Structures are given as structure tokens and as C-alpha cells.
Amino acid sequence: MKLRCAVLDDFQDVATTAADWSPVLDHVEVTGFTRHFADEDELVAAVSGFDVIITLRERVSFPASLIARLPRLRLLIASGMRNSVIDYAAAAEHGVTVCGTESASTPPVELTWALLLGLARNLVGESSALRAGGPWQSTVGADLHGSRLGLIGLGKIGSRIAAVGAAFGMEVVAWSRNLTDERAAAAGAKRVEKARLLAESDFVSVHVVLNEGTRGLIGAAELALMKPSAYLINTSRSAVVDQDALLAALHDGRIAGAGIDVFDTEPLPADHPMRTAPRLLATPHLGYVSQANYRTYYGQAVEDIQAYLAGAPIRRLG
């Protein structure tokens with residue numbers, strides 16, 4: 001009997017075409033789910049009969065309560081090599097092997113710049129007006145050259161953002177708790193304190209890992225430090241920025257705008273206030289969604305399944 005493999009959140013219905021599944025099709029039957037399951041009961045009803053589950057990033061949590069309700073589950077594959085929403089102890093207790101895939105950092109870098117440039121030139125508003133026969137030019141764009149780019153986090157992604165900012169002729173400053181002057185300089189940035197970065201930057205972009213030290217790192221007090229003409233971009237993790245505080249700042253016009261790709265609840269409910277907030281350029285968590293990344297995710301998921309079936313070494317998480 002073939003193993004049954006469920007691919008969660010296959011919104012674009014591309015999981016089975018983004019990679020070559022032929023090496024495992026004699027042993028595995030693959031089913032993609034194109035809609036997100038809103039709660040644990042819905043998810044269990046859909047996938048309790050599957051032996052293998054592939055989950056995208058950290059969109060679906062796998063707590064002990066869920067793992068206990070999936071008696072056939074033997075292999076859980078998460079895209080990326082970091083996942084904070086899987087209970088690894090519970091997985092081990094129930095005999096579930098958890099593994100991952102590689103994930104490129106270039107797609108979120110590119111999306112960050114798409115959001116930043118879209119905000120600076122009000123591309124959505126101007127394009128919509130042009131297509132609707134509206135006014136010819138209604139906004140004056142913000143200049144990147146000579147402006148200050150403040151990076152909250154200067155790791156693998158933040159460093160790439162810094163390089164692009166320098167190419168635009170921006171002054172790049174950065175802050176994180178463990179950042180040194182030397183590491184900042186090596187990335188083409190100047191280390192400054194967080195308060196100064198927020199108060200003096202024209203564009204603030206968030207690139208830190210979510211943990212207890214970064215949860216709520218940007219709240220009402222931090223947003224109040226920003227200039228009314230400044231923009232905030234977050235393609236990292238939603239919980240780094242207090243969502244309610246950001247909504248209030250956007251509605252009150254305390255900042256010029258925000259570019260957001262990550263949300264506290266994903267997918268966003270139809271009536272969520274982030275869908276209608278002013279001064280907001282929002283995308284549905286597209287940071288990792290690129291052709292190359294999907295080839296990697298699903299191609300290496302096939303490799304993980306092959307290794308599991310052969311009892312070979314596997315890319316384990318946890």
C-alpha cells in the first residue's frame with residue numbers, strides 16, 4: 001500500500017509541478033490542499049489519514065494536541081531549516097520524524113525592496129488612478145538617494161538589504177542587541193542605538209529572528225519615535241511589530257506608511273482591519289514565494305521522503 005502524502009497550503013496548486021516527484025510515486029500518493037484549514041479540527045478531518053505531511057514555513061502549528069490526533073503521521077516535512085511552531089518532543093513521543101529543506105534568503109530581500117520602492121513612489125495608488133482614468137500624477141515620491149535606511153537586524157538578509165541600500169546611495173544604519181561596530185562596518189552600515197535609528201531613519205526595515213527577546217520589539221513607543229515622513233517595512237515575523245500599535249499609527253498618520261508581508265493571523269480573515277488600513281502596502285506573505293524557492297522546497301521534500309523510505313540520513317529538525 002502506498003504512503004499518503006499531504007501538502008498543506010498549496011495555494012497556487014503547484015506543489016506537484018514545481019519538482020520532480022517521479023522518484024517516489026511508486027511508493028507515495030501525493031495530495032495538495034489549496035485552502036488553509038482554519039482550526040485544528042478542520043485540519044485533523046482533512047489529514048488524519050495521511051502518513052506524510054509537508055507544511056510551508058511556520059503557517060501551520062503542530063502542537064502536541066494535533067500530533068496526538070494524527071495516528072498515521074510518520075514524517076513531517078517543513079520548508080526551511082527553522083520552525084518554532086512544531087512540538088518536537090511530542091513528535092518524537094509519537095514516532096514522527098521531523099525534517100526540513102533549504103530556503104534561499106534572496107526572495108525576501110527582493111520582496112523587501114519591492115515594498116520599499118512601492119511605498120516610496122506610491123506605485124499602487126498611481127497605477128490604480130491611471131488605469132481608472134483618474135488624475136495624472138497625484139503624489140510626489142520620496143527619494144532613496146541621500147536618505148537614511150535603518151535596519152533592525154543585520155544578519156544574512158539584513159546584510160543583503162544593506163548592500164542594495166548602498167547601491168541606491170542611501171546611508172545605512174543598523175541595530176540589533178549583539179551587533180558590533182565592526183560587524184556593521186563589514187556590511188556597509190553604521191551601528192547606532194535603536195532609538196536613534198528609529199528617530200532619524202527615513203525607511204526602517206525589520207530583519208530579526210522572532211524569539212522572546214524580539215517579540216513586540218517595535219511597539220507604540222518605538223513607532224512614536226519615527227518621523228511622520230518615515231516608512232516601516234516588515235518582511236520578517238509579524239510578532240516583532242505590535243500589530244495594533246501599527247494600525248493605530250497608520251490611522252493617525254504618525255508615520256507615512258508601512259509595507260507589511262507578515263501578519264499575526266494568516267491567511268488574513270476577510271474582515272481583518274489590516275486589509276483596509278490606510279497608508280499600508282500589504283502582501284500575503286510572499287517573502288519566500290518564488291520559483292527557485294519552491295523548486296528547492298518540494299524538490300528537497302522528495303529527497304527527504306526518499307531518505308526516509310531508504311532509512312538513510314535525513315535533514316532533521318529539532
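The structure presented is a predicted model; accordingly, all values stated were derived computationally and were not measured. As a basis for the values below, the full set of heavy atoms in this structure was taken, side chains included, without hydrogen atoms, waters or symmetry mates.
Contact check on Glu29 versus Lys2 returns no salt bridge, with no Lys/Arg side-chain nitrogen under 4.0 Å from an Asp/Glu carboxylate oxygen. A salt bridge links Glu212 with Arg215: the closest approach of a Lys/Arg side-chain nitrogen to an acidic carboxylate oxygen falls below 4.0 angstrom. Of the charged side-chain nitrogens involved, none lies within less than 4.0 Å of a carboxylate oxygen, so that Arg121 and Glu126 do not count as a salt-bridged pair. In summary, Asp51 and Arg74 do not engage in a salt bridge, as defined by a charged side-chain N under 4.0 Å from a carboxylate O. A salt bridge between Lys227 and Glu200 is absent, with no side-chain N of the basic residue lying under 4.0 Å from a carboxylate O of the acidic one.
Under the 4.5 Å side-chain criterion, counting only non-hydrogen atoms from C-beta, Trp136 is in contact with Leu130.
With Asn211 contributing its side chain and Gly213 its backbone, the two residues share a donor-acceptor pair below 3.5 Å. Panel note: side chain Thr214, backbone Val209; a donor-acceptor pair is recorded below 3.5 Å. Judged by distance alone, with hydrogens and angles left aside, the side-chain atoms of Arg315 form no donor-acceptor pair with the main-chain N or O of Val98 at under 3.5 Å. With hydrogens and angles disregarded, no donor-acceptor distance shorter than 3.5 Å links the side chain of Gln300 to the backbone of Tyr297. Between the side chain of Asp39 and the backbone N or O of Leu43 there is no donor-acceptor pair closer than 3.5 Å. Of the possible donor and acceptor atoms, one in the side chain of Thr180 sits under 3.5 Å from a partner among the backbone N and O of Arg183. In this structure, the side chain of Asp143 does not engage the main chain of His145 through any donor-acceptor pair within 3.5 Å.
Distance CG/Leu197 to CG/Leu225: 10.5 Å, rounded to 0.5 Å. Rounding to the nearest 0.5 angstrom, the gap separating the CD1 atom in Ile77 from the OH atom in Tyr298 is 11.0 Å. Considering CG of Leu179 and CD of Glu193, their distance stands at 10.0 Å, rounded to 0.5 Å. Atom CH2 of Trp175 sits about 12.5 Å away from atom CG of Leu154, to the nearest 0.5 Å. Here the CD1 atom belonging to Ile53 is positioned 5.5 Å from the CG atom belonging to Leu8, to the nearest 0.5 angstrom. Separation of atoms CD1 (Ile314) and CD (Gln306) is listed at 10.5 Å; rounding is to 0.5 Å.
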**Request:** Decide yes or no on side chain to side chain contact (heavy atoms under 4.5 Å, CB included) for Leu247 and Met274, but give the supporting numbers first.
**Result:** CA-CA 7 Å; Leu247 282 168; Met274 291 294 279; 3.4 Å; yes
**Request:** Tell me, with the steps shown, if Thr55 and Phe62 meet side chain to side chain contact (heavy atoms under 4.5 Å, CB included).
**Result:** CA-CA 10 Å; Thr55 181; Phe62 282 83; 4.0 Å; yes
**Request:** Report the C-alpha distance between Ile260 and Val241 in whole Å, list the side-chain angles of each, state the deciding distance to 0.1 Å, and finish with yes or no for side chain to side chain contact (heavy atoms under 4.5 Å, CB included).
**Result:** CA-CA 10 Å; Ile260 303 297; Val241 179; 5.8 Å; no
**Message:** Please determine whether side chain to side chain contact (heavy atoms under 4.5 Å, CB included) holds for the pair Arg191 and Val173, giving the CA-CA distance in whole Å, both sets of side-chain angles, and the decisive distance to 0.1 Å.
**Reply:** CA-CA 6 Å; Arg191 187 189 71 84; Val173 298; over 6 Å; no
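Taking hydrophobic clusters as Ile, Leu, Val, Met, Phe, Trp and Tyr residues chained together by side-chain heavy-atom distances below 4.5 Å, Val60 does not share a cluster with Val262. At a threshold of 4.5 Å between side-chain heavy atoms, the hydrophobic network of Ile, Leu, Val, Met, Phe, Trp and Tyr places Val206 and Leu111 in two separate groups. A chain of hydrophobic side-chain contacts below 4.5 Å, direct or via other Ile, Leu, Val, Met, Phe, Trp or Tyr residues, connects Leu250 to Ile218. Linking ILVMFWY side-chain heavy atoms closer than 4.5 Å, directly or via other members, places Leu223 and Leu119 in two distinct hydrophobic clusters. In the hydrophobic clustering of this structure, Leu76 does not group with Val30; members are Ile, Leu, Val, Met, Phe, Trp, Tyr whose side-chain heavy atoms approach within less than 4.5 Å, directly or through other members.
Residue pairs meeting the side-chain hydrogen bond (donor to acceptor under 3.5 Å, both in side chains) criterion with at least one member in residues 158-171, sequence neighbours excluded: Ser105-Arg160, Arg148-Glu171. Residue pairs satisfying the side-chain hydrogen bond (donor to acceptor under 3.5 Å, both in side chains) criterion with at least one member in residues 235-250, sequence neighbours excluded, are listed as follows: Glu58-Arg237, Thr112-Thr235, Ser238-Asp264, Gln243-His272.
In this structure, Ala15 and Trp21 approach most closely via the heavy-atom pair O-NE1, 2.9 Å. Minimum interatomic distance between Ala184 and Lys190 (heavy atoms only, all atoms of both residues): CB-C, 4.2 Å. Closest heavy-atom contact between Phe37 and Glu42: CA-OE1, 3.6 Å. Nearest heavy atom pair, residue Phe33 against residue Ala46, reads CZ-O, 3.9 Å. Residues Ser103 and Gly80 come closest through the heavy atom pair CB-CA, 4.0 Å. For the pair Leu75 and Leu73, the tightest heavy-atom approach, listed with the atom from each and the gap, is O-CD1, 3.4 Å.
Within a 6.0 Å sphere centred on CZ of Arg72, other residues, nucleotides and ligands contribute more than 12 heavy atoms.
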Let me check something: any side-chain donor-acceptor pairs from residues 280-290 under 3.5 Å, sequence neighbours excluded? List them with distances.
from	atom 1	to	atom 2	distance (Å)
Thr283	OG1	Asp261	OD1	2.7
His285	ND1	Glu266	OE1	2.7
His285	ND1	Glu266	OE2	3.1
Tyr288	OH	Arg59	NH1	3.0
Ser290	OG	Asn293	N	3.2

